[in-house]
There are 2 protein chains.
Amino acid sequence: MPLDMTPSQALGLWHAVMLETVRQDRRDLTMRQFAILMEIYLVPPPHTVRGLAATLGVTKPVITRALDTMGEMGLVTRVRDERDRRNVVIRRTVDGALYLERLGDLVIASGRKLD
Amino acid sequence: MPLDMTPSQALGLWHAVMLETVRQDRRDLTMRQFAILMEIYLVPPPHTVRGLAATLGVTKPVITRALDTMGEMGLVTRVRDERDRRNVVIRRTVDGALYLERLGDLVIASGRKLD
DNA sequence: GGTCTTCGTTACGCTACCGTATCGGTTCCC
DNA sequence: GGGAACCGATACGGTAGCGTAACGAAGACC
């Protein structure tokens, strides 16, 4: 079921969510970090550094660094893949799920307030 | 006319737009810079450094720096206010308008592709 | 006219992210 | 078993944003 919007609604929605995100979060994530986080939580696992790098079109160190940062925030975890010990499997956390849930609520609330 | 979404739609939309934005933009804006840009283009002028800082809940140097960066990108311009020469009025540019128009298109297209 | 306030900007030291190149560890494959 | 390929992490120099503090310019006020 597609979601239809007018240009005004689309930009208004984006505006409202961005504004509130900036106002709330003292330490905001980078756009890239945000994209990585959503990829991890909205696309079925498993997720690897290499795979995320390819999906986002960035280099591997970008992913490693982002996972370091978000790991310290408790938003993701890394576990060595025992089947192929070269790989690292990125796993979700409860805090990360809550974080995204709040973001979803913010988007919904912003959409409801339009006009 | 409110825009109603399910949690899945909200996060899916955010995910798709973030992903595409990261993939396209080589030099991505900060979340704060993005919020500033949208505030300038979606809220009626005039816009000042002080006003934007208050709206976003950040310090004035943050605004100054963001305007420096976005000015170099051609997304905004600054003009001294002749009525009160202490103020600086932030003005829109054609390039900035096009930039936001493309973003709006991206949001709409992403919404249409959901599910 | 002299102070006091209000602007936006700049200075400074710090932190975080960037891209490139390389590394150690692991698997593959002959 | 040994070299090649692969994976993620690290090193390094550079750049950009951050917060705090201060600055110069311009208006306000008595």
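By convention in this document, chain letters (A, B, ...) are assigned in the order of the sequence lines, proteins followed by strands, and residues within each chain are numbered from 1.
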>> A:Thr59: which residues meet the side chain to side chain contact (heavy atoms under 4.5 Å, CB included) condition with it, sequence neighbours left out?
In response: A:Pro61, A:Val62
Could you go through residues 11-20 of chain A and list every donor-acceptor pair under 3.5 Å that involves a side-chain atom there, pairing it with any protein atom two or more places apart or in another chain?
from, atom 1, to, atom 2, distance (Å)
A:His15, NE2, B:Glu39, OE1, 2.6
A:Glu20, OE2, A:Gln24, NE2, 3.3

> Is A:Arg85 touching bases, backbone alone, or none of the nucleic acid, heavy atoms closer than 4.0 Å?
Replying inline: sugar-phosphate
>> Distance check needed: D:dC18 C1' versus B:Leu56 CG, whole Å only.
In response: 15 Å
>> Output the rounded distance in Å from CZ (A:Phe34) to C1' (C:dC17).
In response: 17 Å
>> Without decimals, in angstroms, what is the distance between A:Met31 CE and C:dA16 C1'?
In response: 17 Å
> Roughly how many Å is it from CG in A:Leu29 to P in D:dC18, rounded to a whole number?
Replying inline: 14 Å
> Taking only residues two or more places apart in sequence, or in another chain, which ones meet B:Glu82 in a salt bridge (Lys or Arg N to Asp or Glu O under 4.0 Å)?
Replying inline: B:Arg85
>> Determine whether A:Ile36 and A:Leu56 satisfy the following criterion, side chain to side chain contact (heavy atoms under 4.5 Å, CB included), listing intermediate values before the conclusion.
In response: CA-CA 8 Å; A:Ile36 293 170; A:Leu56 298 191; 3.1 Å; yes
> Given atom CZ of A:Arg65 and atom P of D:dG17, what is their separation to the nearest angstrom?
Replying inline: 16 Å
> Whole-Å distance between D:dG17 C1' and B:Met73 CE?
Replying inline: 12 Å
>> Applying side chain to side chain contact (heavy atoms under 4.5 Å, CB included), can you list everything that pairs with B:Asp68, at least two apart in sequence or on another chain?
In response: B:Thr64, B:Arg78
> Within a strict 4.5 Å, meaning less than it, do heavy atoms of the B:Gln33 and B:Thr69 side chains meet?
Replying inline: yes
>> Less than 4.0 angstrom between a side-chain N/O of A:Gln33 and OP1 or OP2 of C:dC17, yes or no?
In response: yes
> Rounded to whole angstroms, how far apart are CD1 on B:Ile90 and C1' on C:dC7?
Replying inline: 12 Å
> Who passes salt bridge (Lys or Arg N to Asp or Glu O under 4.0 Å) against A:Asp84, sequence neighbours left out?
Replying inline: A:Arg86
> Within this structure, what is the CG-to-C1' distance between B:Leu52 and C:dT9, rounded to whole angstrom?
Replying inline: 15 Å
> What one-letter contact string describes nucleotides 1-9 of chain D from 5' to 3', where B marks a base within less than 4.0 Å of any protein heavy atom, S marks contact via sugar-phosphate atoms alone, and - marks no contact?
Replying inline: -----BSBB
> Does A:Thr69 have a side-chain nitrogen or oxygen under 4.0 Å from the phosphate oxygens OP1 or OP2 of C:dA16?
Replying inline: no
> Taking only N and O in the side chain of A:Arg32, is any of them less than 4.0 Å away from OP1 or OP2 of C:dG19?
Replying inline: yes
